[in-house]
*Asks:* 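So that we are looking at the same thing, I have put the structure below in structure tokens.
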Amino acid sequence: MKKYLSAVCLLGLLVNSCDVLHEKELIEKRKAVTVVETRKSNAEPVADKATLFTKTYKFKTGQSYIRHAECNYYGPQASLLGEMNKHNVRRGFNIENYTKYSKASFFQTDVYEIPADMKSKAIEQFRPLIDSVFQQAGHYSAFHAEILIMGYTDESPIPFNSAVYNQLLSMTKQQYFNYNDYYNALSFYRAKEVSDIISALVSAKKSGFTQFEKFTFDIITEGRGIEYPDAKRSYALQDDKRKITKVYWKVIKL
């Protein structure tokens with residue numbers, strides 16, 4: 001009988017011990033879950049974190065001009081889609097609604113690239129433009145900015161089978177150019193040379209983006225072919241003043 005009672009007592013102790021251990025495990029698990037939940041509740045919601053997002057487009061307009069758009073957004077992730085969809089980069093532009101930048105880039109006949117030894121000078125030429133944009137934007141907590149870069153060319157004879165002709169064919173993924181296609185491509189890539197510089201200058205301002213709540217910044221590049229750079233002026237068919245890239249800009253409060 002004593003042996004039986006001892007065995008029952010021992011079994012009871014073991015069961016109690018297991019219950020105590022099991023209860024301790026449950027308590028520790030609850031503590032761990034509580035800590036994780038507390039950390040989650042204290043963490044900043046992902047949607048509220050500031051993000052920098054860039055999307056690019058390239059297409060032909062209704063006039064067969066080549067257009068490239070670099071659309072930048074900075075601000076809360078929750079506002080990204082709404083803000084990016086507010087401005088239609090496929091629309092027409094009235095340059096009367098923009099400020100004309102005082103400096104322009106001129107190119108030699110059938111040349112679209114800025115020479116390597118002139119790149120640093122070109123960068124300094126457009127740095128004040130970006131400074132002006134952000135200086136004006138600094139008056140607002142949220143803004144939308146646009147920079148338009150328009151490339152032009154004159155009607156110099158098309159250099160069929162030349163190096164530049166074949167390069168432009170390759171870059172536009174075409175087998176041949178008709179009359180206006182060549183001029184449109186040449187003028188576009190002149191503008192693209194300038195827009196690449198401007199895009200890099202905007203990126204260099206990245207450390208200062210945190211002063212703004214949010215903004216959108218579109219850089220629109222278009223080749224206008226043999227269209228006159230200034231509709232109010234007269235030009236010759238072959239005219240150095242037509243081998244040019246012009247820049248316009250504006251900043252509006254969101």
Side-chain angles (χ1 to χ4, degrees), residues 50-59 61 65-77 79-107 114 118-152 187-224 229-230 244-254:
T51 185
L52 178 61
F53 178 79
T54 300
K55 187 170 184 178
T56 60
Y57 306 85
K58 187 179 179 183
F59 55 92
T61 68
Y65 294 148
I66 305 171
R67 182 182 295 180
H68 179 277
E70 177 190 303
C71 303
N72 299 285
Y73 168 81
Y74 174 80
Q77 290 186 28
S79 302
L80 192 157
L81 289 177
E83 295 298 334
M84 291 287 282
N85 291 330
K86 281 184 179 179
H87 306 281
N88 180 13
V89 295
R90 294 179 179 271
R91 73 188 191 278
F93 297 99
N94 182 358
I95 60 173
E96 299 298 324
N97 297 328
Y98 295 77
T99 299
K100 179 183 175 182
Y101 188 56
S102 59
K103 297 177 182 178
S105 296
F106 290 86
F107 293 80
I114 297 174
M118 296 292 290
K119 275 285 176 74
S120 59
K121 185 177 179 180
I123 291 170
E124 293 309 313
Q125 177 174 312
F126 291 103
R127 192 183 301 278
L129 165 66
I130 307 306
D131 291 340
S132 296
V133 171
F134 279 98
Q135 183 178 9
Q136 184 168 331
H139 297 296
Y140 315 123
S141 61
F143 71 91
H144 172 70
E146 289 180 6
I147 295 180
L148 307 182
I149 304 103
M150 304 298 184
Y152 303 88
S187 63
F188 169 76
Y189 282 103
R190 283 176 176 170
K192 191 66 170 60
E193 280 283 288
V194 173
S195 81
D196 286 345
I197 290 172
I198 289 173
S199 177
L201 288 168
V202 172
S203 294
K205 293 281 190 180
K206 193 180 297 184
S207 61
F209 289 178
T210 53
Q211 69 178 296
F212 302 103
E213 176 190 331
K214 62 182 176 181
F215 65 77
T216 50
F217 200 132
D218 296 343
I219 301 172
I220 313 294
T221 308
E222 185 169 302
R224 291 292 182 92
D230 186 341
I244 190 174
T245 294
K246 302 177 77 172
V247 178
Y248 304 85
W249 65 279
K250 72 174 180 180
V251 177
I252 57 175
K253 182 180 179 181
L254 287 180

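For clarity, every value in this text was computed on a predicted model and none was experimentally measured. All residue numbers refer to positions in the sequence shown, counting from 1.
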*Asks:* Main chain of P229, side chain of R224: is a donor-acceptor contact present, judged purely on distance under 3.5 Å?
*Replies:*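 Here the side-chain-to-backbone pair does not exist.
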
*Asks:* Run the side-chain hydrogen bond (donor to acceptor under 3.5 Å, both in side chains) test against T216 and tell me which residues pass, sequence neighbours left out.
*Replies:* H144

*Asks:* Can you see which heavy atom on G151 is nearest to which on A191, and at what distance?
*Replies:* N-CB, 3.6 Å

*Asks:* Taking side chain to side chain contact (heavy atoms under 4.5 Å, CB included) as the criterion, tell me which of I198, I114, L201 meets it with I123.
*Replies:* L201

*Asks:* Looking at residues at least two apart in the chain, or sitting in another chain, which of them share a side chain to side chain contact (heavy atoms under 4.5 Å, CB included) with A142?
*Replies:* K214, L254

*Asks:* What residue pairs, at least two apart or across chains, pass salt bridge (charged side-chain N to carboxylate O under 4.0 Å, His left out) with a residue in residues 135-151?
*Replies:*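 Every pair satisfying salt bridge (charged side-chain N to carboxylate O under 4.0 Å, His left out) with a residue in residues 135-151: R91-E146.
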
*Asks:* Would you compute the distance between atom CZ of R190 and atom CD1 of I149 and round it to the nearest 0.5 angstrom?
*Replies:*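 Between R190 CZ and I149 CD1, I get 16.0 Å after rounding to 0.5 Å.
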
*Asks:* How many angstroms lie between atom CD1 of I244 and atom CE of M150, to the nearest 0.5 angstrom?
*Replies:*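 Nearest 0.5 Å value for the CD1-CE distance: 13.0 Å.
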
*Asks:* Can you find a heavy atom in the side chain of E222 that is under 4.5 Å from one in the side chain of L148?
*Replies:*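 No, too far: nothing below the 4.5 Å cut-off.
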
*Asks:* Where is the tightest heavy-atom contact between I219 and S195, given as atom of each residue plus distance?
*Replies:*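 So the minimum-distance heavy-atom pair works out to CG2-CB, 4.3 Å.
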
*Asks:* Taking all atoms of both residues into account, what is the closest heavy-atom pair of I197 and A122, and its distance?
*Replies:* CD1-CB, 3.7 Å

*Asks:* Return the CG to NZ distance between D218 and K55, rounded to the nearest 0.5 Å.
*Replies:* 12.5 Å

*Asks:* Out of the candidates Y73, Y140, Y74, F143, only one should pair with F212 under the ring pair (Phe, Tyr, Trp, His ring centres under 6.0 Å) rule; please name it.
*Replies:* F143

*Asks:* Which pairs count as side chain to side chain donor-acceptor pair (under 3.5 Å) when at least one residue sits in residues 245-254, sequence neighbours excluded?
*Replies:*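 Not a single pair qualifies under side chain to side chain donor-acceptor pair (under 3.5 Å).
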
*Asks:* Apply side chain to side chain contact (heavy atoms under 4.5 Å, CB included) to residues S105 and E193 and explain how you reach the verdict.
*Replies:* CA-CA 10 Å; S105 296; E193 280 283 288; over 6 Å; no

*Asks:* For the residue pair R67 and R90, what are the closest heavy atoms and their distance?
*Replies:* NH1-C, 3.4 Å

*Asks:* What heavy-atom pair brings Q125 and Y101 nearest, and what distance separates the two atoms?
*Replies:* O-OH, 2.6 Å

*Asks:* Let me see the working for E124 and R127 under salt bridge (Lys or Arg N to Asp or Glu O under 4.0 Å), right down to the final yes or no.
*Replies:* CA-CA 5 Å; E124 293 309 313; R127 192 183 301 278; 2.8 Å; yes

*Asks:* Can you name the side chain to side chain contact (heavy atoms under 4.5 Å, CB included) partners of N94, sequence neighbours left out?
*Replies:* E96, N97

*Asks:* With sequence neighbours left out, what residues match K205 under side chain to side chain contact (heavy atoms under 4.5 Å, CB included)?
*Replies:* I130, D131, F134, F209

*Asks:* Nearest 0.5 Å, what's the NE2-OH distance between H68 and Y189?
*Replies:* 9.5 Å

*Asks:* Rounded to the nearest 0.5 Å, how far apart are NZ of K119 and CG of D196?
*Replies:* 7.5 Å

*Asks:* Could you grab the distance from atom OG of S187 to atom CZ of F107, nearest 0.5 Å is fine?
*Replies:*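 Those atoms lie 10.5 Å apart.
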
